[in-house]
Asker: 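Can you read through this structure? Questions will come right after.
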Amino acid sequence: MTCDDIIREVESCGREIVPLGFDLEWPFSFQTGSGKVALAQICFNNSACHLLHIYSLKKLPAAFVILLSHPKVRLVGVNIKNDIWKLGRDFNEFPASEVVQNNCIDSGTFANRVLNRSCRWSLAKLTAYLLKKKLDKNSKVRMSQWHVYPLSEEQKMYAATDAYVCLSLKRCF
């Protein structure tokens, strides 16, 4: 229902392109590597970030796929294309190639083009440089068990902040 609501807002929006702050989280272990995508974070505006726990799903909801591939939507984030490729590997029906090609704005690449630089940006570094804010990337939370539900308040805040900052960075340009 959340994705349906956002789709309605995107379609009724007068703008031709609608940026969405977007990020993913998944569990990671040094023994087993990356686990399946557990959480998708979407930030449409300054008032709300949506956290969608998708780990236990066999197939992504149709509205979620429609939203991410909507012709007006641009998913904004640092290294966003890698997240989309990961989503496609974990959910075979997801049209990752199409979304990467048509719906992604990598904030780091965009910043380098606008600022005439050639940096390897992380979300924290780009936030410090452009927004003059410190983004808490506590490894205890960053590398936590994102697949376990319910999420802790720390995990929720971390995840929502990442999506919110992704959208905020887009507004800098």
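Remember, it's a predicted structure, so these values are computed and weren't measured experimentally.
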Asker: Could you give the distance from OG (S69) to CG (N102), rounded to the nearest 0.5 Å?
Answerer: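 Taking OG in S69 and CG in N102, the distance rounds to 9.0 Å.
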Asker: Does the pair R142 and Y158 meet the rule for a side chain to side chain contact (heavy atoms under 4.5 Å, CB included), with working shown?
Answerer: CA-CA 8 Å; R142 184 172 48 89; Y158 177 99; 3.0 Å; yes
Asker: Compare every heavy atom of A96 with every heavy atom of G88, then report the nearest pair and how far apart it is.
Answerer: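 Residues G88 and A96, closest heavy atoms: CA-CB, 3.9 Å.
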Asker: For K133, which residues count as a salt bridge (Lys or Arg N to Asp or Glu O under 4.0 Å) partner, sequence neighbours excluded?
Answerer: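 None.
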Asker: Treating Ile, Leu, Val, Met, Phe, Trp and Tyr as nodes and any side-chain heavy-atom pair under 4.5 angstrom as an edge, say whether V76 and L131 lie in one connected cluster.
Answerer: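 V76 and L131: one cluster.
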Asker: List for me each residue that meets salt bridge (Lys or Arg N to Asp or Glu O under 4.0 Å) alongside K86, sequence neighbours excluded, and say none if there are none.
Answerer: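 Salt bridge (Lys or Arg N to Asp or Glu O under 4.0 Å) check on K86 returns D90.
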Asker: Are W26 and Y149 joined in one hydrophobic group, where the rule is that I, L, V, M, F, W and Y side chains link up if heavy atoms are under 4.5 Å apart?
Answerer: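 Each belongs to a different hydrophobic cluster.
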Asker: Checking K134 now: which residues fulfil side-chain contact (heavy atoms from CB on, under 4.5 Å) with it, not counting sequence neighbours?
Answerer: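 K134: no side-chain contact (heavy atoms from CB on, under 4.5 Å) contacts found.
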Asker: Could you tell me whether K137 and D162 have a side-chain N and a carboxylate O separated by less than 4.0 Å?
Answerer: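 Yes, K137 and D162 are salt-bridged.
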Asker: Do T2 and F64 pass the side chain to side chain contact (heavy atoms under 4.5 Å, CB included) test, and can you show the C-alpha distance, the side-chain angles, and the key distance before you say yes or no?
Answerer: CA-CA 9 Å; T2 297; F64 182 67; over 6 Å; no
Asker: Sequence neighbours left out, what passes salt bridge (Lys or Arg N to Asp or Glu O under 4.0 Å) with E11? Give chain and number order.
Answerer: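 Checked E11 against salt bridge (Lys or Arg N to Asp or Glu O under 4.0 Å); zero matches.
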Asker: Using modelled atom types and a 3.5 Å cut-off, is there a donor and acceptor pairing between side-chain atoms of S152 and backbone atoms of Q155?
Answerer: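 Judged by distance alone, yes, a pair lies under 3.5 Å.
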Asker: For the residue pair I84 and F22, establish whether any side-chain heavy-atom pair is separated by less than 4.5 Å.
Answerer: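 Yes, close enough: below the 4.5 Å cut-off.
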Asker: I want to check something: taking the side chain as every heavy atom from C-beta on, are L87 and L68 in contact at a cut-off of under 4.5 Å?
Answerer: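 Contact flag for L87/L68 side chains = yes.
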Asker: Taking only residues at least two apart or on different chains, which pairs with a member in residues 70-82 satisfy salt bridge (charged side-chain N to carboxylate O under 4.0 Å, His left out)?
Answerer: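 Passing the test, one end in residues 70-82: no pairs.
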Asker: Donor-acceptor pairs under 3.5 angstrom involving side-chain atoms of residues 166-173: please list them, not counting sequence neighbours.
Answerer:
residue, atom, partner, partner atom, Å
S168, OG, Y164, O, 3.0
R171, NH1, N46, OD1, 2.5

Asker: If you compare all heavy atoms of L123 against all heavy atoms of T127, which two are closest, and at what distance to 0.1 Å?
Answerer: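 Here L123 and T127 meet closest at O-OG1, 2.7 Å.
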Asker: Output the rest of the hydrophobic cluster of F28: all Ile, Leu, Val, Met, Phe, Trp and Tyr residues reachable through side-chain heavy-atom contacts under 4.5 Å, sorted by chain and number.
Answerer: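 Besides F28, the hydrophobic cluster comprises F30, M143, listed by chain and residue number.
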Asker: Can you tell me if K132 has over 12 outside heavy atoms packed within less than 6.0 Å of its NZ?
Answerer: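 Enclosed.
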Asker: Please check if the side chain of D23 supplies one atom and the backbone of Q41 the other of a donor-acceptor pair under 3.5 Å.
Answerer: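 It does not hold such a pair.
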Asker: CG/D136 to CD/E154 distance, rounded to the nearest 0.5 angstrom?
Answerer: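 Between atom CG of D136 and atom CD of E154 there are 8.5 Å.
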Asker: Please table the atom pairs, donor to acceptor, closer than 3.5 Å between any side-chain atom in residues 104-112 and protein atoms at least two apart or in another chain.
Answerer:
residue, atom, partner, partner atom, Å
D106, OD1, G108, N, 2.8
D106, OD1, T109, N, 3.0
D106, OD2, N79, N, 2.8
N112, OD1, C119, N, 3.0
N112, OD1, W121, NE1, 2.9
N112, ND2, C119, O, 2.8

Asker: Evaluate E9 against F44 for side chain to side chain contact (heavy atoms under 4.5 Å, CB included), listing each step before the verdict.
Answerer: CA-CA 9 Å; E9 287 192 58; F44 175 70; 2.9 Å; yes
Asker: Going by side-chain heavy atoms closer than 4.5 Å, which hydrophobic residues are tied to V148, directly or by a chain of links?
Answerer: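 Members besides V148: none; it forms no cluster.
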Asker: What pairs of residues pass the ring pair (Phe, Tyr, Trp, His ring centres under 6.0 Å) test when at least one of them lies in residues 67-98, not counting sequence neighbours?
Answerer: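 Of all non-adjacent pairs touching residues 67-98, none passes ring pair (Phe, Tyr, Trp, His ring centres under 6.0 Å).
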Asker: Could you list the residues that satisfy side-chain hydrogen bond (donor to acceptor under 3.5 Å, both in side chains) with T161, not counting sequence neighbours?
Answerer: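 Applying side-chain hydrogen bond (donor to acceptor under 3.5 Å, both in side chains) to T161 gives none.
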Asker: Can you tell me if CD on E16 sees more than 12 non-hydrogen neighbours from other groups inside 6.0 Å?
Answerer: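 Counting other residues, nucleotides and ligands, CD of E16 stays at 12 neighbours or fewer.
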Asker: Would you tabulate the side-chain donor-acceptor contacts of residues 47-63 under 3.5 Å, counting partners in other chains and residues two or more places apart, or write 'none'?
Answerer:
residue, atom, partner, partner atom, Å
S47, OG, N45, OD1, 2.7
H53, NE2, W146, O, 2.8

Asker: Going from CG on D83 to CG on L24, what distance comes out if it is rounded to the nearest 0.5 angstrom?
Answerer: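 Reported to 0.5 Å precision, the distance equals 4.5 Å.
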Asker: Could you give me the CA-CA distance, side-chain angles and deciding distance for L135 and L126, then say whether side chain to side chain contact (heavy atoms under 4.5 Å, CB included) is met?
Answerer: CA-CA 10 Å; L135 190 58; L126 198 54; over 6 Å; no
Asker: Determine the sole option in L75, V65, V73 for which the side chain to side chain contact (heavy atoms under 4.5 Å, CB included) test with V99 is passed.
Answerer: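 By the side chain to side chain contact (heavy atoms under 4.5 Å, CB included) criterion, V99 pairs with just one of L75, V65, V73: L75.
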Asker: Cluster question for you: counting only ILVMFWY and a side-chain heavy-atom cut-off of under 4.5 Å, with indirect links fine, are I80 and I6 together?
Answerer: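 Same hydrophobic cluster.
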